[in-house]
Engineer: 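I am attaching a structure below and will ask some questions about it afterwards.
Side-chain atoms are counted along with the backbone in the values below, which use heavy atoms only and exclude waters and symmetry mates.
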2 protein chains.
Amino acid sequence: MRDNNEMPGHLARRFQQIAVAVFLAEVGEAGFDLTPVQYAALASIKANPGIDQATLAGLIAYDRTTITGVVDRLVQKNLLVRRASSRDRRARELEITDEGKRTLRAITPAVEEAQRIMLRGLTPKEAAELMRLMRKAIAAGNELSRAPLRETTS
Amino acid sequence: MRDNNEMPGHLARRFQQIAVAVFLAEVGEAGFDLTPVQYAALASIKANPGIDQATLAGLIAYDRTTITGVVDRLVQKNLLVRRASSRDRRARELEITDEGKRTLRAITPAVEEAQRIMLRGLTPKEAAELMRLMRKAIAAGNELSRAPLRETTS
DNA sequence: TACTGATAGTCAGCATACTGAGCAATATCG
DNA sequence: CGATATTGCTCAGTATGCTGACTATCAGTA
């Protein structure tokens, strides 16, 4: 058996585990109750007002069944509104609320700090290289998960 | 807002998402139904017969509340036995069954292949560097999650 | 236009992961 | 020895994420 430290899958799980913990700690200290997934969704909706759930899922590489619950909770918190699309009656258009915008602005410093903390063991050069290598591996494996990234907003 | 591709937390989630999908696909093709977490637990128990759940959790950096369910399912599948410890009546000693050993042996090629596939976009040098950088970042952040790695078996 | 296939969203079910609480047993220290 | 703290495990509750199935709707085509 290979050592855990030689298994990229194990290292990936561990790094993500720490990343989530750091995110929640920083955001919580700032007085907010928002998960990494909720933050990513909220930020993407602000950048793409009126986006539908399927497109949102593609932009941030979630499964569409996961989006349903995430959007539910953001609506519950009054950070989003979800309304039927007029052009396509299957689709739901998502719009960020004023409270959503305020929350995003207020939370951003904590999110940035979290990104720094999760890389605190690396030099700036190493951090950049780690991100480059993750991006490259992800690009090559994009189609291997059920929720691949889809860059198009159209 | 920073682009997602500049957020180490997002990249970590995405890389892990692909790693899990690849693992499940390879293991499933080989005819087995075992998750990455179940595999890691089974391998660790084989290497440390009679280990208790708390020590196991430390060895592979799970939360102890997660271990309960994982062990439940492995026992259900007849890959493990869980029995009360004689030295400490709070503890549960874990032992791999013969079927567990057979499963581990049979599944290993698929697991190895999965590790290769999730790094297929990288050169061997880049793959080694990605793993080195993840290990370094993880070591620095070990104490930041609720389930830190604990190397001791004692 | 009617049929066929694809798409948007939801749901049920399962498996990680976490928080916080609780119980039983053990360790420690005055 | 006895009070206190700690430890091992479990449970309830919540939030990702997945598979597979289903409904409603839309798009393309015979």
Engineer: Going by distance alone, is a donor N or O of one side chain under 3.5 Å from an acceptor N or O of the other, for A:T66 and A:D63?
Structural biologist: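 Absent: no donor and acceptor within the cut-off.
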Engineer: Name the nucleic acid region contacted by A:T66, choosing base, sugar-phosphate or nothing; use a 4.0 angstrom heavy-atom cut-off, strictly under.
Structural biologist: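 Touches a base.
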Engineer: Measuring from the side chain of A:R90 (C-beta onward, heavy atoms only), which nucleotide among D:dT16, C:dT7, D:dT10 has the closest atom?
Structural biologist: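 Selected nucleotide (nearest to the side chain): C:dT7.
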Engineer: Base, sugar-phosphate alone, or nothing: which one does A:S85 contact when heavy atoms must sit under 4.0 Å apart?
Structural biologist: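 Result for A:S85 = nothing.
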Engineer: Under a plain distance cut-off of 3.5 Å, with no hydrogens placed, do A:Q76 and A:R73 share a side-chain donor-acceptor pair?
Structural biologist: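 Not at all, the side chains of A:R73 and A:Q76 share no donor-acceptor pair under 3.5 Å.
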Engineer: Give one of base, sugar-phosphate or nothing for B:R92, where a contact means two heavy atoms less than 4.0 Å apart.
Structural biologist: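 Touches sugar-phosphate only.
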Engineer: Could you tell me whether the phosphate oxygens of C:dT19, OP1 or OP2, come under 4.0 Å of any side-chain nitrogen or oxygen in B:R146?
Structural biologist: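 True: B:R146 side-chain N/O within range (under 4.0 Å) of C:dT19 OP1/OP2.
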Engineer: Would one find a side-chain N or O of A:Q16 under 4.0 angstrom from OP1 or OP2 of C:dA17?
Structural biologist: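 Answer is no, no contact under 4.0 Å.
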Engineer: Could B:E129 and B:R132 be called an ion pair, given the rule that one side-chain N must be under 4.0 Å from one carboxylate O?
Structural biologist: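 Between B:R132 and B:E129 there is a salt bridge, with a charged N closer than 4.0 Å to a carboxylate O.
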Engineer: Would you mind classifying the nucleic acid contact of B:T35 as base, sugar-phosphate or nothing, using non-hydrogen atoms under 4.0 angstrom?
Structural biologist: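 Contact class for B:T35: sugar-phosphate only.
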Engineer: Using heavy-atom distances to pick each residue's nearest nucleotide on DNA chain C, tell me which of A:R64 and B:G69 is more 5'.
Structural biologist: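 So the residue in question is A:R64.
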Engineer: Under a 3.5 Å cutoff, is there a donor and acceptor pairing between the side chains of A:T55 and A:D52?
Structural biologist: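 A pair is found: one side chain offers a donor N or O, the other an acceptor, under 3.5 Å apart.
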Engineer: Quick one: label A:D88 by what it contacts on the DNA or RNA (base, sugar-phosphate, nothing), any heavy atom closer than 4.0 Å.
Structural biologist: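 Counting heavy atoms under 4.0 Å across all strands, the contact made by A:D88 is with sugar-phosphate only.
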Engineer: Taking donor-acceptor contacts at under 3.5 Å, does the side chain of A:R89 reach the base of D:dT25?
Structural biologist: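 No pair found.
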Engineer: Reckon B:S145 touches a base, only the sugar-phosphate, or nothing at all at heavy-atom distances under 4.0 Å?
Structural biologist: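 Nothing, no heavy atom under 4.0 Å.
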